[in-house]
Amino acid sequence: VGVEHTVDTFLGLINLSPTGSKVLDTFATQTRIHLEKTDIFTVSTHGVNAYTFLEYVNLRLVAIYNEDADFSGVNESDVRTLRTNSSGAAHYVQVTFTVGPQYDINENSGLIPLDSVRAGKGTFFSQGGLVHKCMDYTDGSFADVAAFNASLLQPCAPGASMCVSPASIPDQFVVFNIPLGLDYFGDAANDLSNNIFVDMVISAVDTVARGKATNPNAGNPPWQMKTTLTASI
């Protein structure tokens, strides 16, 4: 499945502060933003079942910018002003999906085995240089992990947790965040040659089949299901 979106817009900010005279202390900034987004999803299932138990898949790139509190420049004022630093942003990809109502978490491996989660960037999947981002993040070898986590803890940040496989899925909806790094995305490419790739395993159990005395070795449907999700954005 391929989906493309293109957006041209402007992001602006203006701040007017009274000075007690006829002159206003003003601050204004404007940035033109051009966005091109392409989603390509490939989902495969393992077992005798001819279907995957994922019913919805979406990827979203998220950048958390650090607050720029340096107002030492000429004619700069910090009165009621909040702005961001253009460097050192924490970048991560958010994967969301739903599973069918009869499926639940595989308690042996967890819904998302962290050692299966890989991410990378490039033009093609085979050239993406996929890395086990969650294993690096949890074992402490993730680059600039202290600065990355500090960005996530800012008051304005969305409060996202990285590489946390859900303990339960009461509404069948799953959100999983994969850390990428500081300033990871790189420059946008008009020819869509700069892509973020994700590859991960979703492990679940079929609660309907599990409640029956079935034997997969005898040709009956298995109750342990695994799906490999490969996606790019």
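All figures in this text were calculated on a predicted structure; none of them were measured in a lab.
- Of all non-hydrogen atoms in G100 and Q172, the two that sit nearest each other are O-NE2, 2.9 Å.
- At least one side-chain heavy atom of I105 sits less than 4.5 Å from a side-chain heavy atom of I169.
- L182 meets the side chain to side chain contact (heavy atoms under 4.5 Å, CB included) test with A90, D144, A147, F148; sequence neighbours excluded.
- Shortest non-hydrogen contact noted between H91 and A63 is CD2-CB, 3.4 Å.
- To the nearest 0.5 Å, the span separating CD1 on I64 from CG on N149 amounts to 12.0 Å.
- Distance check, rounded to the nearest 0.5 Å: SG of C134 to CZ of F176 gives 4.0 Å.
- Annotation: cation-pi pair K121/Y184 present, NZ/CZ under 6.0 Å from the ring centroid and within 45° of its normal.
- A side-chain donor from one of S151 and N66 sits under 3.5 Å from a side-chain acceptor of the other.
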As a quick check of understanding, evaluate side-chain contact (heavy atoms from CB on, under 4.5 Å) for L61 and I233, giving each step before the final call. CA-CA 8 Å; L61 298 178; I233 184 172; 3.7 Å; yes

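- A donor-acceptor pair under 3.5 Å is absent between the side-chain atoms of Q94 and the main chain of R60, judged by distance alone.
- The minimum heavy-atom distance linking F197 with G122 is given by the pair CE1-O, 3.4 Å.
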For side-chain contact (heavy atoms from CB on, under 4.5 Å), just list the numbers for L111 and N106, CA-CA rounded to whole Å, side-chain angles, deciding distance to a tenth of an Å, and then say yes or no. CA-CA 6 Å; L111 184 67; N106 188 332; over 6 Å; no

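- With values rounded to the nearest 0.5 angstrom, N195 atom CG is found 5.5 Å from S232 atom OG.
- Without hydrogens or angle criteria, T96 side chain to V175 main chain gives no donor-acceptor distance under 3.5 Å.
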Show the numbers, then the answer: is there a side-chain contact (heavy atoms from CB on, under 4.5 Å) between L180 and F185? CA-CA 8 Å; L180 298 175; F185 297 155; 3.6 Å; yes

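- Connection of M135 to V95 is established within a shared hydrophobic cluster, with ILVMFWY side chains joined at heavy-atom distances below 4.5 Å, either directly or through further cluster members.
- For D199, the salt bridge (Lys or Arg N to Asp or Glu O under 4.0 Å) partners at least two apart in sequence or on another chain are R118.
- Taking CD1 of I178 as the start and CG of L114 as the end, the distance is 10.0 Å to the nearest 0.5 Å.
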In sequence, state the C-alpha distance, the side-chain angles, and the governing distance for I202 and F97, and then conclude on side-chain contact (heavy atoms from CB on, under 4.5 Å). CA-CA 10 Å; I202 316 298; F97 59 88; 3.7 Å; yes

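- V57 and V93 end up in the same hydrophobic cluster when Ile, Leu, Val, Met, Phe, Trp and Tyr side chains are linked at under 4.5 Å.
- Taken together through direct or relayed side-chain contacts under 4.5 Å among Ile, Leu, Val, Met, Phe, Trp and Tyr, V201 and V117 form parts of separate hydrophobic clusters.
- Listed for the D104 side chain is no donor-acceptor partner under 3.5 Å among the backbone atoms of V205.
- Closest heavy-atom contact between K133 and A119: CG-CB, 3.9 Å.
- Listed here is the closest heavy atom pair of I112 and S165: N-OG, 3.1 Å.
- If you take SG on C163 and CZ on F142, they are separated by 8.0 Å, rounding to the nearest 0.5 Å.
- The line from CE of M162 to OH of Y92 is 5.0 Å long, rounded to the nearest 0.5 Å.
- By the criterion of side-chain heavy atoms lying less than 4.5 angstrom apart, applied directly or through intervening Ile, Leu, Val, Met, Phe, Trp or Tyr residues, V62 is not grouped with I196; the two fall into different hydrophobic clusters.
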